[in-house]
Amino acid sequence: MKEMELNRIKEVLDERGIKQTWLAEKLGKSFNTINAYAGNRKQPSLEVLFEIAKILQVDVKDLIDNKGK
């Protein structure tokens, strides 16, 4: 059974050709934290999610997986 994915951070990064290390640097977080977000092992706070959306220049809704309802 596949684990429920709550965010699409990895997909958006892949679509834009952006590395997790770049996002970690821009966000001021460790690579391990970004990797945990991208792997859906840990979820960012809403504040961090909005900051990620701003950095990636996407709507915050694009970072949320709402298909798994």
Side-chain angles (χ1 to χ4, degrees):
M1 185 167 97
K2 185 180 172 191
E3 270 189 51
M4 192 162 108
E5 293 184 357
L6 300 175
N7 74 60
R8 296 188 62 250
I9 294 170
K10 180 172 175 28
E11 290 88 342
V12 172
L13 289 172
D14 289 347
E15 287 166 6
R16 294 178 169 265
I18 296 172
K19 301 281 185 203
Q20 292 178 27
T21 49
W22 179 87
L23 180 58
E25 187 178 305
K26 291 288 185 189
L27 203 54
K29 302 267 185 203
S30 71
F31 168 79
N32 288 341
T33 298
I34 300 304
N35 188 258
Y37 294 162
N40 275 287
R41 293 184 305 280
K42 181 177 179 183
Q43 296 304 317
S45 67
L46 283 175
E47 181 181 0
V48 171
L49 195 65
F50 274 92
E51 197 172 339
I52 292 170
K54 184 178 176 182
I55 290 168
L56 298 179
Q57 298 180 334
V58 296
D59 191 305
V60 73
K61 293 176 194 169
D62 294 335
L63 297 176
I64 300 169
D65 183 8
N66 60 5
K67 295 180 214 76
K69 289 186 203 175

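Atom set for the values below is all heavy atoms of this structure, side chains included, hydrogens, waters and symmetry mates excluded.
Under the salt bridge (charged side-chain N to carboxylate O under 4.0 Å, His left out) criterion, Asp14 pairs with Lys10, not counting sequence neighbours.
The shortest non-hydrogen separation linking Thr21 to Phe31 is CG2-CD1, 3.7 Å. When all heavy atoms of Asn40 and Leu6 are compared, the pair lying nearest together is OD1-N, 2.9 Å.
Residue pairs meeting the salt bridge (charged side-chain N to carboxylate O under 4.0 Å, His left out) criterion with at least one member in residues 15-38, sequence neighbours excluded, are Arg8-Glu15.
The distance from atom CG of Leu23 to atom OG1 of Thr33, rounded to the nearest 0.5 Å, is 11.0 Å. To the nearest 0.5 Å, atom CD of residue Gln43 and atom CD1 of residue Ile9 are 7.0 Å apart. In this structure, Gln20 CD and Ile34 CD1 are separated by 8.0 Å, a value rounded to the nearest 0.5 Å.
Within the 4.5 Å cutoff, no side-chain heavy atoms of Tyr37 are placed close to those of Leu49. Between Leu56 and Leu63, the closest side-chain pair of non-hydrogen atoms falls below 4.5 Å. Side-chain atoms of Lys54 and Val60, non-hydrogen and from C-beta on, never get closer than 4.5 Å to each other.
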